Amino acid sequence: MACRISHRLLLPSSHLLSSTILQSRPLDLIPAFEFPAPTFKFLIIHSPFSSYSPSPLFDFHEEDDDANPVDLDIFYTSLFDDCSHQKHLTQIHSHLIKSGSLESNYLVTKFVHTSSNLGEIHYARQLFDEIPYPNVFLWNAIIRGYSRHELYDGALKLYYGMQQEGVSPDGFTLPYVLKACSSLPALNTGREVHAQIFRHGFESDVFVQNGLIALYAKCGLLGCARLVFDGLCERTVVSWTSMLSGYAQNGHPLEALKIFSEMRAADVKADFVALVSVLKAYSDVEGLEQGKSVHCCAIKSGLELEPDLLIALTAMYAKCGQVQVAKSLFDHMSLPRVILWNAMISGYAKNGYANEAVELFRKMVSTNARPDSITLRSVILACAQVGVLELGIWMDDYVSGSEYRDDVFVNTALIDMYAKCGSIRHSRIVFDRMPSKDVVVWSAMISSYGLHGHGHEAIDLFHKMKLARVEPNDVTFVGLLSACNHSGLVDEGWKYFHCMRDYGIEPRHQHYACVVDLLGRAGYLDEAYDFVMSMPMKPEVTVWGALLSACKIYGNVRLGRYAAEQVFALDPLNAGHYVQLSNLYASAGLWNDVSKVRVLMKERGLVKALGYSLIEINGKLQAFRVGDKSHPRSKEIFVMLEELEKKLKEAGFVPNTDSVLHDLNTEEKEESLCNHSERLAIAFGLISTPPGTTLRITKNLRACVNCHSATKLLSKMVEREIVVRDANRFHHFKDGLCSCGDYW
DNA sequence: GTAGGGTTAG
């Protein structure tokens, strides 16, 4: 107990401070202290450390050098350790003032630390500002506090202030500063800091260098990050993780995994953060098996109960389609954090479990967990993916009553959702009510019009966007071009494609594919081919695919065969392309070639995707396949189908049986066409909704010619509006016509 | 007292 006293604390007489009280809760004592009448000439100090056996209080005379002084730093340290409330800070603060301890950078640093950990960063700043000459430790504490409270700009300002005061940063300052730079992110400032790091000679400080890796990785400058990483002579698990997650976050999961195996080869043991980062990389490549091996690795290392790792595992299983496994992990958490709810809900959304996503969201709300913008966007995405308008409207209502009612991201998701649920009118309502619109909002609305074949509205909105002085980006043009495309506006599309460069936007594959589609569908096949040949980059599969489907429409076997060869070379395992070529041959009556394609498909183990249609009745989705008899009301459905078929025949409807299902005889062909999944869905919709109700159907494939003509007629006969979302776009059938103008 | 991570993605 005999240590030098460094600061003076004047306490009232000894009997107030029984050692037992002091050992229990030092802070609770402080309010009881009477502050010094100047007559108190004694310092009475007691260490509140409970590990000490009860010891007598030490009374000693201020001027008595031989007394038993106790280190006040230790005393305060224990006070700070017990500090759990702002009220305590206030008490310590006045204590520090009265005892004249504010001259101690050490104690003020402690104070700043403690108040920042308690979330009282402004209080910390207040005290900091009272100190005339902060040393580097104190600067570090306040910068750290700002960084921890995500006040990154403030942290950087303090850093500049520190240098103006002539205090040089040390190996602790720089990681905090780099953290602030990478969180903003502020790349230019970060580069300046890098130069200072060089000047101050921190090239071999692994903490500082790790900060630089993280900074460059966050800013997407993987080359710079790698340079720093490669230059390190000592690499900690943090260096490896920073590099690994840099690759994972910038869309290079394979590079990330390579780093991971190098790390293991270097005998660096992965901790839980490293495993979390690896899981992200595996989830991105849907590497379920490898993800599972990380799970095993976690169990072996005893990390499986680490909550953050469990969140990452849940996200991985959910993303890879193993929603049940994910849910069982989820259910084991007693108090799920928002990020876990989000991982589970978005996992449901991604895998088409809209009802589950919404149910879990409801549960989340009922447990008083606070959804954030990501939660809302995930649920809205779920509604959009399966096209359930009723649930979508419910989400819109929820958003309107929440703090996210003006959130740009959430509202953009709503615009997109309404469009995908078939109600462009609702999309526009959301769009109009948004107080501020960025380029993404405008682009979403333009694409929505495109999806519904409202090309002129899309173009009109594009001009309004320019008037609003919002600069278009490449996504805007994808929306605009595909809108022209879906409406057959060839000249306009051609014009907008060529004006992209005026906006400083270099066309990408998607834009080229749109133009090929545009020219091809309008019958300009040779022009489309020349256009592909003039591309400055190697055409991707989407470009050749667009040409192939144009050839299919116009029965151009020669060019179609060539386009198909290119498509197969680039994407040999997509059954859809083979089906298209086969249909092209069939429409030209080239049955030999048809069977060759079928054989090729068989050899490559490819199966044509089964068609299905979904219809939403009373907020519940019902799915139908071709000739599906599994529905409980199947009998009624087929009675209705027959009735409809009769009416169609009476109206003179003759199905076109030439180009489809060549391997069946004609009668069978007709029968299975009548059983196409969308017809079943329509029949079911008719028997389960009151007259006049709009039917909304979602298909996984493109609408077939026969069903399209039949649905047009049906819309008139049954006096219903029928909205069909196919794999590509929307068709609004009404009064015998379709909004696509038979152009799809 | 230092640094690295997971949920969205038009």
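A note on names: the letters A, B, ... follow the listed sequences, proteins ahead of strands, and every chain is numbered from 1. Everything numeric in this text was worked out from a predicted model, so none of it was measured.
Between A/D308 and A/R337, at least one side-chain N (NZ, or NE/NH1/NH2) sits under 4.0 Å from a carboxylate O, which counts as a salt bridge.
A/K319 places its NZ atom 10 Å from the C1' atom of B/dA9, with the value rounded to the nearest Å. Between the C1' atom of B/dG5 and the CH2 atom of A/W240 lies a distance of 18 Å, rounded to the nearest Å. Protein atom CG of A/N140 is 12 Å distant from nucleotide atom P of B/dG1, rounded to whole Å. Residue A/K350 contributes atom NZ, which lies 13 Å from atom P of B/dG10 at whole-angstrom precision. In this structure, A/Y216 places its OH atom 19 Å from P of B/dA3, rounding to the nearest Å. Distance, A/L178 CG to B/dG1 C1': 16 Å, rounded to whole Å. Remark: P of B/dG6 and CG of A/D308 are 11 Å apart, rounded to the nearest angstrom. Distance, A/D205 CG to B/dG1 P: 17 Å, rounded to whole Å.
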Enumerate, atom names and distances included, each donor-acceptor pair closer than 3.5 Å involving a side-chain atom of residues 136-148 of chain A, sequence neighbours excluded.
{"residue": "A/W139", "atom": "NE1", "partner": "A/P134", "partner atom": "O", "Å": "3.4"}
{"residue": "A/N140", "atom": "OD1", "partner": "A/T173", "partner atom": "OG1", "Å": "2.6"}
{"residue": "A/N140", "atom": "ND2", "partner": "A/V136", "partner atom": "O", "Å": "3.4"}
{"residue": "A/N140", "atom": "ND2", "partner": "A/D170", "partner atom": "OD1", "Å": "3.1"}
{"residue": "A/N140", "atom": "ND2", "partner": "A/D170", "partner atom": "OD2", "Å": "3.3"}
{"residue": "A/R144", "atom": "NH1", "partner": "A/H113", "partner atom": "ND1", "Å": "2.8"}
{"residue": "A/Y146", "atom": "OH", "partner": "A/R125", "partner atom": "NH1", "Å": "3.0"}
{"residue": "A/S147", "atom": "OG", "partner": "A/Y176", "partner atom": "O", "Å": "3.4"}

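Without hydrogens or angle criteria, A/N351 side chain to A/A318 main chain gives a donor-acceptor distance under 3.5 Å. In terms of modelled atom types and a separation under 3.5 Å, the side chain of A/H511 and the main chain of A/D474 share a donor-acceptor contact.
With distances taken from any side-chain atom of A/D416 to the nucleotides B/dG10, B/dG1, B/dG5, the minimum falls on B/dG10. For A/A343, the listed nucleotide lying nearest its side chain is B/dT7; candidates were B/dT7, B/dG1, B/dG4. Considering only the side chain of A/T412, B/dG10 comes nearest among B/dT2, B/dG10, B/dA3. In this structure, of B/dG1, B/dG6, B/dT2, it is B/dG6 that holds the atom nearest to the side chain of A/I311.
A/S378 comes within contact range of the sugar-phosphate backbone alone, with a heavy-atom separation under 4.0 Å but no base atom that close. No engagement by A/A444 is indicated, since no non-hydrogen atom pair under 4.0 Å with the nucleic acid exists. As judged by a 4.0 angstrom heavy-atom cut-off over every strand, A/L381 is placed among residues touching the sugar-phosphate backbone only. Residue contacts for A/R235: at a heavy-atom cut-off of 4.0 Å it reaches no nucleic acid atom on any strand shown. The residue A/V237 sits close to a base: some heavy atom pair falls under 4.0 Å. When heavy atoms are screened at a 4.0 angstrom cut-off, A/T241 is found touching base atoms of the nucleic acid. At the heavy-atom level, A/T236 lies under 4.0 Å from base atoms of the strands shown. Counting non-hydrogen atoms under 4.0 angstrom, A/G171 reaches a base of the nucleic acid.
At the phosphate of B/dG4, neither OP1 nor OP2 sits under 4.0 Å from any side-chain N or O atom of A/Q249. A close approach under 4.0 Å does occur between a side-chain nitrogen or oxygen of A/K179 and OP1 or OP2 of B/dG4.
A/R428 meets the salt bridge (charged side-chain N to carboxylate O under 4.0 Å, His left out) test with A/D432; sequence neighbours excluded.
Counting only residues at least two apart or in different chains, ring-ring contact (aromatic ring centres under 6.0 Å, His included) contacts with residues 227-271 of chain A comprise A/F229-A/W240. Applying the side chain to side chain donor-acceptor pair (under 3.5 Å) test to pairs two or more places apart or on separate chains, none has a residue in residues 256-273 of chain A. Contacts classified as ring-ring contact (aromatic ring centres under 6.0 Å, His included) and involving residues 280-311 of chain A (residues at least two apart or in different chains) are given here: A/H295-A/Y317.
Taking a 4.0 Å limit (strictly below) on heavy-atom distances, residues 267-301 of chain A reaches DNA chain B at A/D271, A/F272, A/V273, A/A274, A/V276, A/S277, A/K280.
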